[in-house]
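These notes are about the structure you will find just below.
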Amino acid sequence: MQPVQETSETASSPVAAPRRLAVLGATGSIGTQTLDIVRLFPDRLSVQVLTARRNAARLLQQALEFRPACVVIDDPEGYRQLREALAGTGIEVLQGEEGLCACVQRPDVDVVVAALVGFAGLRPVLAALEAGKQVALANKETLVAGGALVHEALRRHGGTLIPVDSEHSAIFQCLVGENPASVETLILTASGGPFRTRPLETFDHITPDEALCHPNWSMGAKVTVDSATMMNKGLEVIEAHWLFELPAERIQVLVHPQSIIHSMVTFVDGSTKAQLGVPDMRLPIQYALSYPERWEAPHERIDWVQLGRLDFEAPDPARFPCLPLAYEALRRGGTAPAVLNAANEQAVQLFLQEQIRFTDIARLVEAALEHLSEPDEVPSYEHLQEADRRARRYVQELAGVAAH
Ligand code: NAD
Ligand code: MG
């Protein structure tokens, strides 16, 4: 997926109709920040669909503000409440995965913002691409687990994928105007999270509250824990592999504690381009929605003098074993990345429920990767779903927690 060089008049010129969005995961961190961007550009963006897992109260509030054509909720009780509360408004209420897959294919949706968390995003993203939609992708687990399937859907149906994840947005921005063949390496920057300098011998005692306290970003719980283990960067290496079509050995990770450089590209002539900005997800979200344009906005600018310096260091594999595990899954291919992802999702959930230690996350993921990954060129959705279920069950069993 390389930036397409477009010069024609686009949807954001004053006379053009607004881009109509389906925001999947509207009640989450990326979802609510997406709606902040819609509020900034009411003439250029409109909301057709809003979805959530179970926060019916917030979804209702958003529906009454943005007046979408349709809302989707996973939780049956939330579905009942929303149907009652939205009766007579003309807003359609759908439920579950079927509802998600139907709403992204609506003819009145131009762009699907995929801000669900986890493997649950894969099927709706595939459905959106099969309908030829543009997908602004935050949900990295979709590409980690189903990268090959996503590629196939893109090739067959002519949809497009624009990255929202800040590192991938940075790389995407660095590639505008460049020939993809002149890229040598991608350098993904990582903050190093809250435990970059914590004594390693205390890692067994890390609590969920400590892991949920990220130094630079305010995000949903799952991605925040992933940042603390650096599995997040591992998932992002796999995400970058699928987005920019480069092998693992040409995707590097560099720890940069200030999170000002969001990532870099080194070209074959030895030159490196970087994209910088304050750590604020609204910037990459807006770029994904405005691309190929840039829209004037009052987001905070970098204060260079106050910033003073930028620091860099190599990631420490002893401290962050999840990062090499992700490289290993990418090298193995087949169902290995899906197994890594599912084992990690399950382990993070168990850690947040205080059923396992912080250091067990990498241990459980490694065991699942070792025992369950299978080679398969392009695993089918059903094969991936089975790999996902088995990995979750395996982690629950190893952790001594009853499967449910
Ligand atoms: P979040 O937990 O804050 O929000 C997740 C949203 O998805 C919520 O609206 C929730 O209701 C919905 N959801 C969750 N599970 C679901 C399911 N099974 N079915 C249907 N809906 C479901 O998460 P977030 O931090 O906004 O992250 C969303 C995605 O974006 C993740 O993949 C994350 O890795 C990625 N991302 C987030 C950030 C960030 O700053 N938050 C940055 C980069 C990438
Ligand atoms: Mg990121």
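What's counted below: heavy atoms across the whole structure, side chains too, no hydrogens, waters or symmetry copies. Just so you know, ligand 1 is whichever comes first in the structure, and atom 1 is the first atom listed for that ligand.
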For N/O/S atoms only: which one belongs to [X] and is nearest the Mg ion (ligand 2)?
X    : result
E167 : OE1
E236 : OE2
D165 : OD1

Heavy atoms of other groups near E184 CD, more than 12 under 6.0 Å
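Counting neighbours around CD of E184, more than 12 heavy atoms of other residues, nucleotides or ligands fall under 6.0 Å, so yes.
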
For the pair F172 and Y291, evaluate ring pair (Phe, Tyr, Trp, His ring centres under 6.0 Å) and give the outcome as yes or no after the intermediate values.
CA-CA 10 Å; F172 190 74; Y291 174 80; 5.0 Å; yes

Just grab all the salt bridge (Lys or Arg N to Asp or Glu O under 4.0 Å) pairs involving residues 332-341, residues at least two apart or on different chains.
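Residue pairs passing salt bridge (Lys or Arg N to Asp or Glu O under 4.0 Å), neighbours aside: E328-R332, R332-E370.
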
Could you give me the CA-CA distance, side-chain angles and deciding distance for H262 and Q173, then say whether side-chain hydrogen bond (donor to acceptor under 3.5 Å, both in side chains) is met?
CA-CA 10 Å; H262 297 303; Q173 293 180 53; over 6 Å; no

Collect the protein residues that have a non-hydrogen atom under 4.0 Å from ligand 1 and hand them over in chain and number order.
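Ligand 1 is contacted, at a heavy-atom distance under 4.0 Å, by G25, A26, T27, G28, S29, I30, A52, R53, A115, L116, V117, A120, A138, N139, K140, E141, D165, M219, G220, V223, M281.
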
Can you tell me how the ring of Y381 sits relative to the ring of F119, calling it parallel under 30°, perpendicular over 60° and tilted otherwise?
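Aromatic pair Y381/F119 classed parallel.
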
Between the side chains of R309 and D311, is the shortest nitrogen-to-carboxylate-oxygen separation below 4.0 Å, so that they form an ion pair?
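A salt bridge is present here (some side-chain N lies under 4.0 Å from a carboxylate O).
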
Does M281 form a side chain to side chain contact (heavy atoms under 4.5 Å, CB included) with S166? I'd like the steps, not just the answer.
CA-CA 7 Å; M281 282 308 295; S166 57; 4.0 Å; yes

